Amino acid sequence: MKILVVGATGQLGTAICQKLPHEKYQLFAMHRDGSNTKSLQDLPNTTLLKADLQDKNSLLNAVKGMDVVICTANSASPRRKEDNFKNVDINGIKDLIEASERSDVKQFIYTSSIEYGSQTNAIPLSNAKRAIEAALQTSSLNYTIIRPCTFMDVYFPFFGTDIPIKNAANATIKRPFKFSANFFEGIKHDIENKGKFNVIGKGDRRHSYICVDDVAEFHIKSIGHSSAEKSIITIGGPEALTPLEIKDIFEKLLDKPLKISSTPPFVIKLMGQVLSLFNPPAGNIMKLNHLSAMNDCIVKDAEDTAATFDVKLTEAEVFLKNAINR
């Protein structure tokens, strides 16, 4: 069976490519010019395939003969000036859907985002995700839409540490997007060196944090699974934790007290509004941060869903302990 992973050089796409049973599937890892393919080059039964979501003809060639297309690509942390939600997340992925229909792809697996109710409409990337969900639901494809909750690997570092991503391949935070890269550079040792734990507001909103490796497992286990046919699958980790509870875990594992450094939510909200005027990706990130800080994101029946797909969920403490011991 031939599997095309679109977004193969992103953190989630790389994890899928690395964890895929290579003896069972023939993998085609799609990438653009200039992408970091180092972590994919030595994978068995794998072909690096050059194509671009902003080049419709290249997509037609990429999907030809494929049985399954897994699309994790997005422009939340853009690498090029022309990377934006319209060009990549909407038009580009719609072209990929159309190409997949024309090539009779048997299953299209799409990484979407979790719903926050009506407030989701305030997030540009979320609006793009909903547009693609609608396009898939009206297409002729056998689609699987996966809606993950907050990623441990992406959210935990912004508490003030690079521990969760030290050995991560193609970590999202390490992408060459100056806004987030420069911000993270200033806080990435706050927990270890300053004993400071960064939160927005009170740090009391609960999230079903899930690690990237578990999200990758859901994508892989969805291939050919009857429960994944024309389905929307909401996934999360085994616990609904607050940032303050994450702080307690860090204190336990590092054996040191941490002081809270809180940014008022209205500051993040204002930054989101202002940045959206001249740096839409940065504005999107700040709006998402504000939404996450002010709302719970609890995935009901997360363990039952994981059991259906034979995925063993990773607890936050186990995730961080493994990261510290790497």
Side-chain angles (χ1 to χ4, degrees), residues 1 3-32 35-49 68-77 79 107-114 129 144-157 162-175 177 208-223 225 228 233-238 299 302 305-306 309-316 318-326:
M1 182 180 287
I3 311 291
L4 175 68
V5 175
V6 180
T9 57
Q11 188 170 1
L12 175 57
T14 296
I16 292 170
C17 291
Q18 291 177 335
K19 293 170 75 65
L20 195 78
H22 297 100
E23 72 284 355
K24 184 177 179 182
Y25 301 115
Q26 185 176 357
L27 170 63
F28 294 81
M30 182 175 137
H31 67 95
R32 302 189 300 181
S35 295
N36 181 8
T37 62
K38 185 178 180 181
S39 58
L40 305 173
Q41 289 172 0
D42 296 327
L43 294 179
N45 205 20
T46 297
T47 300
L48 298 182
L49 194 158
V68 178
V69 171
I70 301 176
C71 179
T72 68
N74 66 74
S75 62
S77 296
R79 188 162 57 85
Q107 185 180 11
F108 192 107
I109 302 173
Y110 174 64
T111 314
S112 188
S113 61
I114 202 154
K129 297 289 190 185
T144 302
I145 295 167
I146 298 178
R147 292 179 174 177
C149 194
T150 317
F151 286 8
M152 296 179 188
D153 313 57
V154 176
Y155 203 86
F156 285 7
D162 64 354
I163 287 173
I165 59 168
K166 275 186 176 177
N167 294 312
N170 294 328
T172 300
I173 293 173
K174 292 182 179 180
R175 288 178 66 84
F177 176 44
S208 298
Y209 297 104
I210 186 168
C211 68
V212 164
D213 277 354
D214 289 356
V215 178
E217 282 289 340
F218 272 105
H219 283 71
I220 294 167
K221 296 292 180 64
S222 293
I223 298 172
H225 198 295
I233 305 165
T234 301
I235 63 174
V299 178
T305 303
F309 290 92
D310 192 28
V311 175
K312 181 174 172 54
L313 295 175
T314 305
E315 295 179 352
V318 173
F319 170 78
L320 287 172
K321 186 182 293 184
N322 290 340
I324 290 170
N325 294 330
R326 284 190 190 121

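Numbers here simply count residues along the sequence, with the first being 1. Worth saying up front: this structure is predicted, and the values here are computed from it rather than measured.
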* Donor + acceptor pair across side chains of Thr9, Arg32 (<3.5 Å) -> no
Minimum heavy-atom distance [X]-[Y], with the two atoms named:
X      : Y      : result
Val299 : Cys149 : CG2-CB, 3.8 Å
Ser77  : Thr172 : OG-CG2, 4.1 Å
Met152 : Pro157 : O-CD, 3.6 Å
Ser112 : Arg147 : CB-CG, 4.0 Å
Ala29  : Ala8   : CB-CB, 3.7 Å
Lys129 : Ala73  : NZ-O, 4.4 Å

* Of all residues at least two apart in sequence or in a different chain, which pass the ring pair (Phe, Tyr, Trp, His ring centres under 6.0 Å) check with His225? -> Phe309
* Partners passing ring pair (Phe, Tyr, Trp, His ring centres under 6.0 Å) against Phe218 (at least two apart in sequence or in another chain) -> none
* To do: List the steps, then state whether side chain to side chain contact (heavy atoms under 4.5 Å, CB included) holds for His31 with Leu40.
  => CA-CA 10 Å; His31 67 95; Leu40 305 173; 5.8 Å; no
Check whether any side-chain heavy atom of [X] sits under 4.5 Å from a side-chain heavy atom of [Y], and report yes or no.
X      : Y      : result
Leu20  : Ile223 : yes
Thr234 : Thr305 : no
Pro164 : Leu320 : yes

* **Side chain His22, main chain Cys17, donor-acceptor under 3.5 Å** => yes
* Asked: Given Pro148, which of Leu12, Ile114, Thr111 fulfils the side chain to side chain contact (heavy atoms under 4.5 Å, CB included) condition?
  -> Thr111
With rounding to the nearest 0.5 angstrom, report the [atom1] to [atom2] distance, [X] to [Y].
X      : Y      : atom1 : atom2 : answer
Leu313 : Glu315 : CG    : CD    : 9.5 Å
Met30  : Ile70  : CE    : CD1   : 13.5 Å
Leu27  : Ile3   : CG    : CD1   : 8.0 Å
Asn45  : Glu23  : CG    : CD    : 9.0 Å
Ile220 : Tyr25  : CD1   : OH    : 8.5 Å
Ser75  : Arg175 : OG    : CZ    : 9.0 Å

* Asked: What do you reckon, is NZ of Lys19 surrounded by more than 12 foreign heavy atoms closer than 6.0 Å?
  -> yes
* Just wondering, more than 12 heavy atoms not from Asp42 lying within 6.0 Å of its CG? -> no
* Check the pair Asn170 / Ser39 against side chain to side chain contact (heavy atoms under 4.5 Å, CB included), numbers first and verdict last. => CA-CA 8 Å; Asn170 294 328; Ser39 58; 3.3 Å; yes
* Between Phe151 and Ile210, is a side chain to side chain contact (heavy atoms under 4.5 Å, CB included) present by the stated rule, with each step listed? -> CA-CA 5 Å; Phe151 286 8; Ile210 186 168; 4.2 Å; yes
* To do: Any chance you could lay out the side chain to side chain contact (heavy atoms under 4.5 Å, CB included) test for Lys24 and Met1, step after step, and finish with the verdict?
  => CA-CA 7 Å; Lys24 184 177 179 182; Met1 182 180 287; over 6 Å; no
* Ring centers of Phe319, Tyr209 separated by less than 6.0 Å -> no
